[in-house]
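To keep things clear, I will list the structure first and then write my remarks on it.
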Amino acid sequence: MKTEPSTFSLDDLVASPEQTTMWEGVRNYTIRNWMRDDMAVGDEVLFYHSSCAVPGVVGLAEITRTAYPDPTQFDPASHYFDPKSDPADPRWLVVDVRFVRRLERTITLAELKARADELDDFLLVRRGNRLSVMPVTDAQWTAILALEATG
DNA sequence: GCCAACGTTGGC
DNA sequence: GCCAACGTTGGC
């Protein structure tokens, strides 16, 4: 899961009540469907910082609540307000995400790109990808976290 | 249903 | 700040 640290960082997650946050503001149908269909309580998350000096994976988190309606879509004061969303059939969903641990070091985007062959078409390093949430296979997870120790 | 225009993402 | 890539919108 990507986030801009200037908006919501791993530190912000740590500082959140119960070190847990609602992953609000997803406005992409592909991601909405993954959240709805594929995210389960206990699923592990790579916490990724984007649009910053050194983009990369900085920590681990986990899903603590499955998809439910994103309240920001009904809040006219919210940046994420969606007047086309019907409260009887909410268009946008959130999941809850809880902090697990910081990585010992940032696993940078540059490293992930350099090892793209080992990561078996990891969406994050695919050209042109703009999704802010994306699935990670077990093999990719293992390969990525192996970098933490080895550099 | 096509597709051009527009807005957003996000690395650099 | 630039710009490539891609999703969304809306005219037709």
Side-chain angles (χ1 to χ4, degrees), chain A residues 1-16 21-39 43-63 66-137 139-148 150-151:
Chain A
M1 300 178 91
K2 293 185 186 179
T3 177
E4 298 186 18
S6 59
T7 301
F8 189 86
S9 68
L10 187 61
D11 285 344
D12 292 325
L13 182 62
V14 170
S16 298
T21 195
M22 211 173 51
W23 205 261
E24 66 185 32
V26 167
R27 296 292 181 268
N28 173 286
Y29 288 104
T30 298
I31 298 171
R32 193 270 319 263
N33 294 346
W34 283 335
M35 293 169 80
R36 182 190 61 201
D37 302 334
D38 300 324
M39 285 193 182
D43 280 356
E44 296 179 289
V45 172
L46 296 172
F47 197 98
Y48 178 95
H49 279 174
S50 64
S51 295
C52 56
V54 184
V57 180
V58 295
L60 304 184
E62 66 180 336
I63 303 299
T66 52
Y68 60 101
D70 182 343
T72 66
Q73 71 196 304
F74 304 123
D75 177 3
S78 170
H79 174 67
Y80 299 120
F81 178 58
D82 182 353
K84 294 180 184 173
S85 185
D86 175 2
D89 184 21
R91 180 178 295 189
W92 304 115
L93 304 173
V94 291
V95 293
D96 284 356
V97 174
R98 181 167 64 202
F99 174 77
V100 171
R101 71 174 177 88
R102 298 175 194 276
L103 296 193
E104 294 167 28
R105 65 183 192 83
T106 299
I107 298 173
T108 68
L109 176 61
E111 287 175 74
L112 295 174
K113 282 182 172 174
R115 295 170 182 273
D117 288 350
E118 302 160 45
L119 295 178
D120 189 29
D121 202 28
F122 188 32
L123 279 177
L124 180 75
V125 297
R126 190 185 290 177
R127 176 181 169 82
N129 171 53
R130 294 187 324 166
L131 298 170
S132 64
V133 175
M134 59 202 95
V136 183
T137 66
Q140 289 162 350
W141 180 279
T142 301
I144 292 165
L145 285 187
L147 299 176
E148 184 184 14
T150 62

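Of the candidates B:dC12, B:dG10, C:dG10, B:dG10 carries the atom nearest the A:Lys2 side chain, counting heavy atoms from C-beta on.
Looking at A:Thr150, its side chain does come within 3.5 Å of a backbone N or O of A:Ala146 through a donor-acceptor pair.
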Fill in: Footprint string (nucleotides 1-8 of chain B, 5' to 3'): B base within contact, S backbone only, - free, heavy atoms under 4.0 Å
------BB
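For the pairing with A:Val97, the side-chain contact (heavy atoms from CB on, under 4.5 Å) check across A:Met39, A:Glu62, A:Met22, A:Met1 returns one residue only, A:Met1.
Contact annotation: A:Tyr48 does not reach the phosphate of B:dT9 (side-chain N/O to OP1 or OP2, under 4.0 Å).
In this structure, A:Leu131 atom CG and B:dT9 atom P are separated by 12 Å, rounded to whole Å. Atom-to-atom, CG of A:Leu123 to P of B:dG10 comes out at 13 Å; the value is rounded to the nearest Å. Atom pair A:Arg126:CZ and B:dG11:P shows a separation of 17 Å (rounding to whole Å applied). Between the CE atom of A:Met134 and the P atom of B:dT9 there is a distance of 13 Å, rounded to whole Å.
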Tabulate below the donor-acceptor pairs under 3.5 Å that side-chain atoms of residues 73-81 of chain A make, not counting sequence neighbours, or state none.
from, atom 1, to, atom 2, distance (Å)
A:Gln73, OE1, A:Ser85, OG, 2.7
A:Gln73, OE1, A:Arg91, N, 3.2
A:Gln73, OE1, A:Trp92, N, 2.9
A:Gln73, NE2, A:Asp70, O, 2.8
A:Gln73, NE2, A:Trp92, O, 2.9
A:Asp75, OD1, A:Ala77, N, 2.8
A:Ser78, OG, A:Tyr80, N, 2.9

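When all heavy atoms of A:Glu148 and A:Ile107 are compared, the pair lying nearest together is N-CD1, 3.9 Å. The minimum heavy-atom distance between A:Phe99 and A:Leu10, with the atom names listed, is CD1-CD1, 3.8 Å.
Listed by first and then second residue, the side chain to side chain donor-acceptor pair (under 3.5 Å) pairs involving residues 45-55 of chain A amount to none (not counting sequence neighbours).
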